[in-house]
Amino acid sequence: RITVGVSGGKDSLLLLYALSIYRKFENKDFSLQAVTLNMGLEPFDVSPIRAWCSEIDVPYTVIDTQIAPIRKESNPCSLCAKMRRGALNDAALPLGCNKVALGHHREDAIETLMMSMIFEGRLHTFHPNTFLSGTNLTVIRPMVYIPEKHIIHVCKTLNLPIVKNPCPMDGHSRREEIKQLIASMCKTYPHLKDNMLSALKNSAQYGLWDEKKVGE
């Protein structure tokens, strides 16, 4: 039973849609539960998402939090992300779920690696598949190989009910700076993103990314 974190953005909506289709033809016994965290920011109308989830036959739950008002740092995104992941994991357990699916894509993995190198001085990014021993939950990222531009195209084609992110840091974060840096580098080195993803695949021997777990 999989909790799908649905922020209202393109990535999480496409992930939920893809999994809702996958369960229909793949001979695997799993069910879905969509969960949105209300961060305490306004305006945030999830009624289009709720109606759409009903159409694709996925139960939908909104969890109210006060994560946004308690963020005090000048660059709160890292702390906010950790708090959101914790809140989502906490929500999954009472719903009877043993997996949490997140909509991270190729660029997210690459940007996280670059941010860790530049701001933290270490080689680190999230894994495609992570078992959390403290909760017995497994976090999966099924779209981690997909380029963001493909996700944008498919979402427009499907006309998914994307809800605008009310976060004041949207488009003004360190991640956005790194995104622009990578885009600039790609003008000189067109295969940069593909090569960086390949580097992550080849890094399993160093414990950075265990590629064998991607499809589990």
So which atom in [X] and which in [Y] form the shortest heavy-atom distance, rounded to 0.1 Å?
X	Y	value
Leu16	Cys53	CD2-SG, 3.8 Å
Ser20	Val58	CB-CG2, 4.3 Å
Thr125	Ala109	OG1-O, 3.0 Å
Asn38	Val62	CB-CG1, 4.1 Å
Ser7	Phe44	O-CZ, 3.7 Å
Leu13	Trp52	O-CH2, 3.4 Å

ask   = Do the side chains of Tyr145 and Ile152 join up, straight or via other hydrophobic residues, at under 4.5 Å, putting them in one cluster?
value = no
Same apolar cluster (I L V M F W Y, side chains within < 4.5 Å links), Phe131/Val100 = no
ask   = Under 3.5 Å, is there a donor-acceptor pair between the Ser116 and Arg122 side chains?
value =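 Side chains of Ser116 and Arg122: no pair found under 3.5 Å.
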query = Between Tyr60 and Ser54, does any side-chain donor sit less than 3.5 Å from a side-chain acceptor?
reply =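 Their side chains do not contain a donor-acceptor pair, so the 3.5 Å distance test is not met.
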Asp64 CG: over 12 foreign heavy atoms closer than 6.0 Å = yes
Do [X] and [Y] have side chains that get closer than 4.5 Å, going by heavy atoms?
X	Y	answer
Val46	Val163	no
Asn129	Thr138	yes
Glu111	Ile182	yes
Thr61	Gln33	yes
Arg175	Lys179	no

Distance, nearest 0.5 Å, that separates [atom1] of [X] from [atom2] of [Y]:
X	Y	atom1	atom2	answer
Phe126	Leu113	CZ	CG	10.0 Å
Ile162	Asp11	CD1	CG	8.5 Å
Glu148	Ile110	CD	CD1	10.5 Å
Leu160	Ile49	CG	CD1	10.5 Å
Leu37	Arg85	CG	CZ	12.0 Å

task = Report the C-alpha distance between Met143 and Ile151 in whole Å, list the side-chain angles of each, state the deciding distance to 0.1 Å, and finish with yes or no for side-chain contact (heavy atoms from CB on, under 4.5 Å).
result = CA-CA 9 Å; Met143 301 201 306; Ile151 292 174; 3.8 Å; yes
message = Between Asp194 and Arg106, does any NZ, NE, NH1 or NH2 come within less than 4.0 Å of an OD or OE carboxylate oxygen?
response = yes
request  = Identify whether the distance between the nearest side-chain nitrogen and carboxylate oxygen of Lys149 and Glu107 falls below 4.0 Å.
outcome  = no
key: Geometric class of the His150/His153 ring pair [parallel <30°, tilted 30-60°, perpendicular >60°]   =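 Taking His150 first and then His153, their aromatic rings sit tilted (interplane angle of 30° to 60°).
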inquiry  = Distance to the ring centre below 6.0 angstrom and angle to the axis at most 45 degrees; does that hold for Arg1 and Phe30?
reply    = no
message = Can a donor-acceptor pair be found, under 3.5 Å and without considering hydrogens, that links the side chain of Arg141 to the backbone of His105?
response =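 Looks like no, no N/O pair under 3.5 Å.
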